[in-house]
> 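Okay, here's the structure, questions in a sec.
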2 protein chains.
Amino acid sequence: MMSAHAMAHATAWESLFRAQVAVVRHLAADDVWEELTMKEYDVLFTLSRGPADGLRLKELNTDVLLSQPSLSRLVDRLVARGLVERRAVADDLRGTRVVLTDDGRALQRRVGRRHVASIDAALGSALSADELTTLTDLTDRLRNHVASLPAAARTTSTKEPS
Amino acid sequence: MMSAHAMAHATAWESLFRAQVAVVRHLAADDVWEELTMKEYDVLFTLSRGPADGLRLKELNTDVLLSQPSLSRLVDRLVARGLVERRAVADDLRGTRVVLTDDGRALQRRVGRRHVASIDAALGSALSADELTTLTDLTDRLRNHVASLPAAARTTSTKEPS
DNA sequence: CGAAAGTTCATGCGTCTGCATCTACTTTAG
DNA sequence: CTAAAGTAGATGCAGACGCATGAACTTTCG
């Protein structure tokens, strides 16, 4: 037995997930990723949006769907290509800030322009301007909600055994 | 220069993408993936929804975000575990149908139940029933639109040279 | 019909990924 | 202050992934 609410949740999530897969698949096929993989672009993009003095690995990791070790090595590769730099964090000798270099920023902009055009072509006239606004609003709220949740939960049983 | 429409597209896509990342991250942390990775579950789930005589690899591949070779090997592993079988396709000796075994179906259901509970817990009260319906509708339409597109496009220039 | 082109899936291979763990610090608490 | 616990990030390693390509068909077209 599944409650109607749980069902609506599962349905909405599946639709969202499948839509994401379809769009990513389409965007991936575009000739925009010769210099940067999507994940690499994601990192540069996130950095380009963040504060001028960069972001810590931990912070980057909340936006990029990659394990901490994988992200660490992805950043290694970007450093090797001169697109980002690792710098020290004031007051915390463990941490690392990741900062865009001029080359990195330029590349992000170059790829970003083409990527945006690609997105525009992919979404086309599927949704009206109002619908796009609604979609943005709903997904933003969904993200904020989930991000505010206490990490992991035991979902084996719906009811706690008292 | 970017048109307002292209901007709305890019914004909506980013929100959708980030929401997906946040939810996947949350769901991945749940103790539901001991027996099956998310991608393996995705394959079993897709099969459980499809026709009784299974799906071809090509068809599976449209739903699962994985390259054809990777999917082929993922299916290898599922076969090795006795969760699916490969069968011949009538009228096409190249093809392979992938069919759920009883064990595979049972496992999908078992994991699926817990996964649905996990989704329910994750989405919580973020959106109202109406909003969930709206989100489902918008993402469904988005997916159908993108799926109907002619594969890859050159997006370097916005205007076709006549 | 028969050759060329296209499709479906599998496989070799180098790279990327995640898990577990380690190091180096920072924070908490006795 | 010091020991224990916690946190940030790096690294060894086995396994998974994608790209390029191969093998076995099927379809198209002269």
> Over how many whole Å does the gap from Asn61(B) atom CG to dT8(C) atom P extend?
11 Å
> Using only modelled atom types and a 3.5 angstrom limit, is any donor from either the side chain of Gln68(A) or the base of dA10(D) paired with an acceptor on the other?
yes
> Do Asp103(A) and Arg110(A) sit within salt-bridge range, that is, some charged N less than 4.0 Å from a carboxylate O?
no
> Would you say the side chain of Arg94(A) and the base of dT26(C) hold a donor-acceptor pair, judged only by whether the two atoms sit under 3.5 Å apart?
no
> Tell me the interatomic distance from Asp76(A), atom CG, to dT15(C), atom C1', rounded to whole angstroms.
14 Å
> Please determine, for the side chain of Leu93(A), which listed nucleotide (dT8(C), dT17(C), dC25(C)) has the closest atom?
dC25(C)
> Are any of the side-chain nitrogens in Glu14(A) or Arg49(B) under 4.0 Å away from the carboxylate oxygens of its partner?
yes
> Using a heavy-atom cut-off of under 4.0 Å over every strand shown, decide if Arg86(A) touches base, sugar-phosphate, or nothing.
sugar-phosphate
> So, is Arg56(B) near the phosphate of dC9(C), with a side-chain N or O under 4.0 Å from OP1 or OP2?
yes
> Taking CE from Met38(A) and P from dG18(D), how many angstroms apart are they, rounded to a whole number?
13 Å
> Could you check whether Asp92(A) pairs with Arg97(A) (Lys NZ or Arg NE/NH1/NH2 to Asp/Glu carboxylate O, under 4.0 Å)?
no
> Hey, is the side chain of Ser72(A) poking within less than 4.0 Å of OP1 or OP2 on dG9(D), counting only N and O atoms?
no
> Examine the base of dG15(D) for any acceptor or donor lying under 3.5 Å from a partner atom in the side chain of Arg73(B), and report the outcome as yes or no.
no
> Would you kindly give the CG-to-P distance between Leu66(B) and dC19(D), to the nearest whole Å?
11 Å
> How is Leu74(A) classified with respect to the nucleic acid when contacts are heavy atoms under 4.0 Å: base, sugar-phosphate, or nothing?
nothing
> Quick one: Arg97(A) CZ to dG9(D) P, roughly how many Å, whole number?
12 Å
> For the pair Glu35(B) and Arg114(B), find out whether any cationic side-chain nitrogen is under 4.0 Å from an anionic carboxylate oxygen.
no
> Between dC9(C), dG18(C), dT26(C), which nucleotide has the shortest distance from any of its atoms to the side chain of Ser67(A)?
dG18(C)
> Hey, does the side chain of Arg77(A) come within less than 4.0 Å of dT17(C)'s phosphate (OP1/OP2), counting only N and O?
yes
> Heavy-atom count check: over 12 atoms from other residues, nucleotides or ligands less than 6.0 Å from Asp102(B) CG?
no
> Please report the distance, rounded to the nearest Å, between CG in Leu55(A) and C1' in dG9(D).
15 Å
> Round to a whole Å and report the spacing from NZ of Lys39(B) to C1' of dG18(D).
11 Å
> Less than 4.0 angstrom between a side-chain N/O of Ser70(A) and OP1 or OP2 of dC16(C), yes or no?
no
> Between Leu71(A) and Asp92(B), name the one whose nearest nucleotide on DNA chain C is closer to the 5' end.
Asp92(B)
> How long is the line joining CG of Asp42(A) and C1' of dT17(C), in whole Å?
16 Å
